[in-house]
Amino acid sequence: MTGTGTAAWPRCGHLEAGARCPGRRVDPYPACLAHLDGADRAAHLAALRPGADLDHRGTPFTQDLLDELLAPLRDPGTKRARVGKADFDEVRFTGEADLRDVGFDAYCSFASAVFDSGLHFREVRTEGDLRLGRARVAGDVWLDDTRVAGDAWFLEARFDGTLRFCADEVGRSAEFRGMACAEAYFEGVAFERGADFADIRVTGKASFEGALFHGGSACFDGAEIGGDMPFDGAHFGADATFDGATIGGDLSFLDARCAAGVRFRRAVFRRTAVLGPLVCPETVDFSDAVFESAVTLEVAAEEVRCLRTRWASTAALRLRCADVDLTDAVAAFPVSVVGRPRPFVSPEGEEIAEPGLARKQVSVVSVKGVDAAYLMLADVDLTRCLFVEAVHLDQLRLEGRCRLAEPPGGPRWTHRRTLAEEHHWRATRYPGWTAAPDGVGTHDPDVLAPVYRHLRKALEDGRNEPGAADFYYGEMEMRRHGRTASRGERTLLWCYWALSGYGLRAARALTWLVLAMTVTVFVTMLWGLPKTDPDPVSEGTADGRRITLTTRKPTPVDPDGPYARRLSGERFEKSLRVVTNSVIFRASGQDLTTTGTYVEMAARLVEPGLLALAVLAVRSRVKR
């Protein structure tokens, strides 16, 4: 397009205020249409027929002159004007401009035109392009019942009023890049090849309710919208992008249909209180976006990315079906991520369909780099979540049903909740554990132990002692396998694990207790009980009237004879009484051999400890 003052067409010779009129000459006359005298203008208009081409670039127009130009092009029966090519680039229009009942067989161009009032297209049809690139309109621009079979070009247009692009259809590309207006309405428009709204500037509301973006993407990159931006009932046949956009109001996607992903990378939401409900079968990307005010996000998608997303106020993420990535997200105020068990509902109470989405629990796959002090996760799947590198995990809140990974099945691995990072580490050593995905590193136990410790404290602070027990078990496991602890400490941890599962496995401790008691019973029966119970013997002397008696008990005699004879019912009952009393630190009162005495001492030291470990394990599972 050529700009004012550099027109390449034959220019009008009319001088006004010392300046030459920029209008295009009407051949074979020396002046433009506006400056032709009455007879010449009448002769030119009389020669026009429906379907004629019009070229009046740079010409000053009024509504009367426009009506006079279109009159000979109207069909006498339908009163509808038919124009071939229409070139009105850089025209200067005084007053309201109203194009009514006009059909353009080719294109209609108002590029760089200036209108000192409004511009209305009513029942206009163009078989080619409609061009208003760099046009300047001091009032509103309305396109009512208009159809554009070609391209719609509004690049860098400036409208002081409202743009109501109520066209039925744009057959090819729609270019609104760099356009500016007070408000914009594109409701019900069918963009057959998508539309480009990059870098548009709308002071107030921009409505796309019922808009159809067929066959191409809807691009809003860099757009600045001061008010609400509803997309209720819209259809996106390809990607919708809002990268770098600034949005001042709410974004509503009620009953909108998306065939591909939606991106809000680097977008800034200034006063957005609600975004959604948005149903997307692919990825909704909020990476590097900034939410400056309290917001509620309602999204059902295959994946929701919030990498480096910053919430400068409270935020509630109500999600469905999605894998959520919160890597390096920044929360300056409380942020909650909640998995909804049921679909979103419309204002009428009907469930919103979720085509292309699998009905599954929301899964948080990463909180790496997040300051978890303000983060709350509720009813989400954490089986694949990466926690390493997150800070303040001891202040993370886990509410509802948050599922974590479990060890492989089989008797070798005890049932408990584990971190995905532990799976990744163990998968390098043992079969059955889940290996790290591509691009995800494996961390040593010394790195994982503090993560378990912080998560344990978070649950303990939330008065969830039973839930914290698994994280304590994981912490101790990582300490046992770590390399920073001394050999003595690791040996002690191995013993603690083997005897009672770190005081958390009651069955293990009771098994050891029963085994220890069984061994003690048999040892006592075989070697601990004397051959016979020694009877006390009294000896004395009589000296006149004085009698002196001394009573002593003989040393127990070690049993002899075959072992089978020693395993009698009587000896079993005595041995069981000795062992049972030893569990509760009591002496049995039974006469024992030297071997039996030491066995009883060992039993009174070991077996009460095993009983205490079993009680501790039970308490850790039922404590509130």
Side-chain angles (χ1 to χ4, degrees), residues 1-73 81-99 102 104-121 124 126 128-139 141 150-160 175 178-179:
M1 302 296 176
T2 56
T4 303
T6 62
W9 51 80
R11 299 179 65 185
C12 175
H14 180 77
L15 294 175
E16 187 173 343
R20 187 178 178 183
C21 174
R24 190 190 193 284
R25 289 203 311 261
V26 177
D27 294 332
Y29 309 103
C32 66
L33 183 64
H35 295 119
L36 287 178
D37 59 31
D40 291 342
R41 182 185 298 177
H44 171 70
L45 296 178
L48 296 178
R49 295 291 182 271
D53 294 338
L54 301 178
D55 187 351
H56 297 284
R57 288 172 286 179
T59 302
F61 265 89
T62 63
Q63 184 64 46
D64 291 340
L65 180 59
L66 180 61
D67 291 341
E68 192 176 348
L69 174 63
L70 295 177
L73 304 176
R82 187 166 65 86
V83 183
K85 298 176 182 178
D87 286 299
F88 292 96
D89 297 349
E90 299 189 26
V91 299
R92 300 294 187 272
F93 210 102
T94 302
E96 291 281 344
D98 191 348
L99 273 74
V102 181
F104 296 91
D105 294 340
Y107 61 82
C108 174
S109 179
F110 286 89
S112 300
V114 177
F115 300 83
D116 67 2
S117 188
L119 171 61
H120 293 177
F121 290 84
V124 173
T126 68
D129 303 337
L130 176 59
R131 305 172 184 169
L132 275 81
R134 303 187 185 90
R136 302 293 186 271
V137 182
V141 177
D151 300 328
W153 287 1
F154 284 66
L155 283 76
E156 299 182 15
R158 297 290 185 271
F159 309 139
D160 293 345
E175 297 284 344
M179 185 193 73

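Salt bridge absent: Arg158 and Asp160 never bring a charged side-chain N and a carboxylate O closer than 4.0 Å. The pair Arg82-Asp105 meets the salt-bridge criterion, since a charged nitrogen lies less than 4.0 angstrom from a carboxylate oxygen.
In plain terms, the two heavy atoms of Leu73 and Arg49 that are nearest each other are CD2-O, 3.0 Å. Nearest heavy atoms, Ala81 versus Leu70: CB-O, 4.1 Å. Here the shortest heavy-atom pairing between Leu36 and Arg41 reads O-NH2, 3.8 Å. Summarising the geometry of Arg25 relative to Arg11, their closest heavy-atom pair is CG-O, 3.0 Å, with the distance given to 0.1 Å. Nearest heavy-atom pair across Asp98 and Leu66 is O-CD2, 3.9 Å. Residues Ala34 and Pro60 come closest through the heavy atom pair CB-O, 3.2 Å.
Val137 places none of its side-chain heavy atoms less than 4.5 Å from the side chain of Phe110. Looking at heavy atoms from C-beta onward, His56 lies in side-chain contact with Val26 at the 4.5 angstrom threshold. Here the side chains of Thr126 and Phe121 are not in contact, with every heavy-atom distance at 4.5 Å or above.
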| request: Test side-chain contact (heavy atoms from CB on, under 4.5 Å) on Thr59 and Phe88 and set out the steps. | output: CA-CA 8 Å; Thr59 302; Phe88 292 96; over 6 Å; no
| Trace of the side-chain contact (heavy atoms from CB on, under 4.5 Å) decision for Val124 with Leu130 | CA-CA 10 Å; Val124 173; Leu130 176 59; over 6 Å; no
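Note on ring orientation: taking the six-membered ring where Trp is involved, the planes of Phe93 and Phe61 are parallel (angle under 30°, cut-offs 30° and 60°).
Atom NE2 in His120 sits 11.0 Å away from atom CG in Leu99 (nearest 0.5 Å). In this structure, the separation between CG on Asp53 and CG on Leu48 is 10.5 Å, given to the nearest 0.5 Å. Atoms CZ and CD, on Arg134 and Glu156 in that order, are 5.0 Å from each other to the nearest 0.5 Å. Note that SG of Cys32 is 11.5 Å distant from CH2 of Trp9, once rounded to the nearest 0.5 Å. To the nearest 0.5 Å, atom CG of residue Leu119 and atom CD of residue Glu96 are 8.5 Å apart. A distance of 8.5 Å separates OG1 in Thr62 from CG in Asp67, rounded to the nearest 0.5 Å.
No side-chain N or O of Ser112 forms a donor-acceptor pair with one of Asp89 less than 3.5 Å apart.
In this structure, the side chain of Asp129 engages the main chain of Asp151 through a donor-acceptor pair within 3.5 Å.
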